[in-house]
Amino acid sequence: MNGKLYDKALALMNKGASPDKVYPLLLEAVDAGDYRAHYALGTWYLYGRHVKASNKKAVSLFRQAAENDVAEAAFDLAVCYEKGEGVRKDLSKAAAFYLRALRCGDESAAEELRRMFYWGFGVEKNRMIATEFAAFEKTGLEKPGRR
């Protein structure tokens, strides 16, 4: 993966460039296999920024990025499953993607997992496991290793 296209798109956005100049670069980065670009475009589609909103397109892009260990994409995909945005609501899949997000380095997913285990949303209710996720978030334990 060559991240130069995505990095260029990001730099342009940070400088206030027109989305019309950034969008083609993100598409090229997607074609080049930069899964950060998949995530970036997914957020555009999810929120209708610079493109017509499409939860289904967002979910598709998030899934590709999450399957390639983009932590933010796994987290946002979990939210989509939890809320039923662009996919059928599925709390078990939400929990699985929150776990993937945590494993990929998104520590904020620990709180979501704590909540799900505490109340039994999509997983078997287990307050002991919920406590472990709460401890993870509070202590800033070492991030889990990547696959």
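When reading the values below, keep in mind they use all heavy atoms of this one structure, side chains included, and skip hydrogens, waters and symmetry mates. Throughout, residue positions are numbered sequentially from 1 according to the sequence presented.
Between Ala37 and Ala29, the closest heavy-atom pair is CB-CB, 3.5 Å. Taking every heavy atom of both residues into account, Ala101 and Ala109 meet most closely at CB-CB, 4.0 Å. Of all the heavy atoms in Ala9 and Leu26, the pair that sits closest is CB-CD2, 3.8 Å. Contact between Leu102 and Glu107 at its shortest, heavy atoms only, is CD1-CA, 3.9 Å. Nearest approach of Pro24 to Pro19, heavy atoms of both residues: CD-O, 4.4 Å. In plain terms, the two heavy atoms of Leu113 and Ala95 that are nearest each other are CD2-O, 3.5 Å.
No side-chain donor-acceptor contact under 3.5 Å links Asn126 and Tyr118. Side-chain contact of Glu67 with Tyr35: a donor-acceptor pair under 3.5 Å is absent, judged by distance alone.
Comment: Asp34 does not engage Lys4 in a salt bridge, judged by the lack of any side-chain N to carboxylate O separation of less than 4.0 angstrom. Asp69 and Arg100 are joined by a salt bridge, as a carboxylate oxygen and a charged side-chain nitrogen come within less than 4.0 angstrom of each other.
Atom NZ of Lys15 and atom NZ of Lys21 lie 12.0 Å apart (nearest 0.5 Å). Rounded to the nearest 0.5 angstrom, Cys80 SG and Asp90 CG are separated by 12.5 Å. Between the NZ atom in Lys125 and the CZ atom in Phe117 there is a gap of 13.5 Å [rounded to 0.5 Å]. Residue Leu5 holds its CG atom at 10.5 Å from CG of Leu27, rounded to the nearest 0.5 Å. Note that the CG atom of Leu12 and the CG atom of Leu10 stand 9.0 Å from one another [nearest 0.5 Å]. Note: Leu99 CG to Cys104 SG = 9.5 Å, rounded to the nearest 0.5 Å.
Looking only at side-chain heavy atoms (C-beta outward), Leu91 and Met116 come within less than 4.5 Å of each other. A heavy-atom distance below 4.5 Å is found between the side chains of Met13 and His50. Residues Tyr81 and Lys89 are not in side-chain contact: their nearest non-hydrogen atoms beyond the backbone lie 4.5 Å or more apart. The shortest side-chain heavy-atom distance between Val30 and Tyr6 does not fall under the 4.5 Å cut-off. Looking only at side-chain heavy atoms (C-beta outward), Arg63 and Val59 come within less than 4.5 Å of each other. Within the 4.5 Å cutoff, the side chain of Arg36 has heavy atoms near those of the Asp7 side chain. Within the 4.5 Å cutoff, the side chain of Tyr39 has no heavy atoms near those of the Leu61 side chain. Contact check for Glu85 versus Leu46: side-chain heavy atoms found under the 4.5 Å cut-off.
With Arg114 contributing its side chain and Glu132 its backbone, the two residues share no donor-acceptor pair below 3.5 Å. In terms of modelled atom types and a separation under 3.5 Å, the side chain of Ser92 and the main chain of Gly122 share a donor-acceptor contact. A donor-acceptor pair under 3.5 Å links the side-chain atoms of Thr131 to the main chain of Arg127, judged by distance alone.
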Would Phe121 and Arg115 count as a side chain to side chain contact (heavy atoms under 4.5 Å, CB included) if you check the C-alpha gap in whole Å, the side-chain angles of each, and the deciding distance to 0.1 Å?
CA-CA 8 Å; Phe121 296 150; Arg115 177 181 52 82; 3.8 Å; yes

Start with the C-alpha distance between Glu82 and Tyr98, add both sets of side-chain angles, then the distance that settles side chain to side chain contact (heavy atoms under 4.5 Å, CB included), and finish with yes or no.
CA-CA 10 Å; Glu82 190 168 1; Tyr98 282 130; 2.6 Å; yes

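Relative orientation of the Tyr23 and Trp44 rings is parallel, given thresholds of 30° and 60° on the angle between their planes.
Between Phe97 and Phe75, the ring center distance fails the sub-6.0 Å criterion.
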